[in-house]
Amino acid sequence: MRTANELMTMMRERGLRVTPQRMCIVDHLVENAAHPTVESLFEATRVQMPTISLKTVYQTVHDLEGLGEVALLDVGTGSVRVDPNVEDAHHHLICTGCGKVRDVLVDVGSVRIPAREKRGFTVADVEVNFRGVCDECATG
Ligand SMILES: [Zn+2]
Ligand SMILES: [Zn+2]
């Protein structure tokens, strides 16, 4: 994901709305490794922007996805997660206790499907979710 200033310029150029609410959402996403849910982004931005709506948060993250600046993930935690790391090909560690999601940079390029298992598919992408419990859940 680009810097907040670069993103604002990019959004304006594409004719997308740039408002203080939207800037606040972008600020919360830049360098955010927590893969926040849309709901948690809404709660976080509402502290600074009491008039912000959940709809605005949804629209903004979808616009950012359209620009290729965030990925929206469904990793089975029940909510869409917003991932600002679109630069590094990566996979995810997912805590089955609290739903925490973290990036994991591991090479799965050597994973191959045997020819008889391919069922005629041409595979373009591999996504691996590592599930387990985080350190907080393990000790708590
Ligand atoms: Zn946990
Ligand atoms: Zn990620």
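Counting starts at 1 for both ligands and their atoms, in listed order. Since we're looking at a predicted model, the values are computed, not measured.
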*Quick one: does Arg22's side chain have a donor or acceptor within less than 3.5 Å of a partner on Arg17's backbone?*
yes
*Could you tell me whether a side-chain N or O of His35 sits under 3.5 Å from a main-chain N or O of Val101, the two making a donor and an acceptor?*
yes
_Angle subtended at the Zn ion (ligand 2) by NE2 of His90 and NE2 of His92, nearest 10°_ = 90°
_I need the minimum non-hydrogen distance between Leu54 and Phe42, along with the two atoms involved._
N-CE1, 3.4 Å
*Angle in degrees, rounded to 10°, that OD2 of Asp83 and OD1 of Asp103 form at the Zn ion (ligand 2)*: 160°
*How open is the angle at the Zn ion (ligand 1) from atom SG of Cys137 over to atom SG of Cys95, rounded to 10 degrees?*
100°
*To the nearest 10 degrees, how large is the angle at the Zn ion (ligand 1) between Cys134 SG and Cys98 SG?*
120°
*Answer yes or no: does atom CZ of Arg131 have more than 12 heavy-atom neighbours from other residues, nucleotides or ligands under 6.0 Å?*
yes
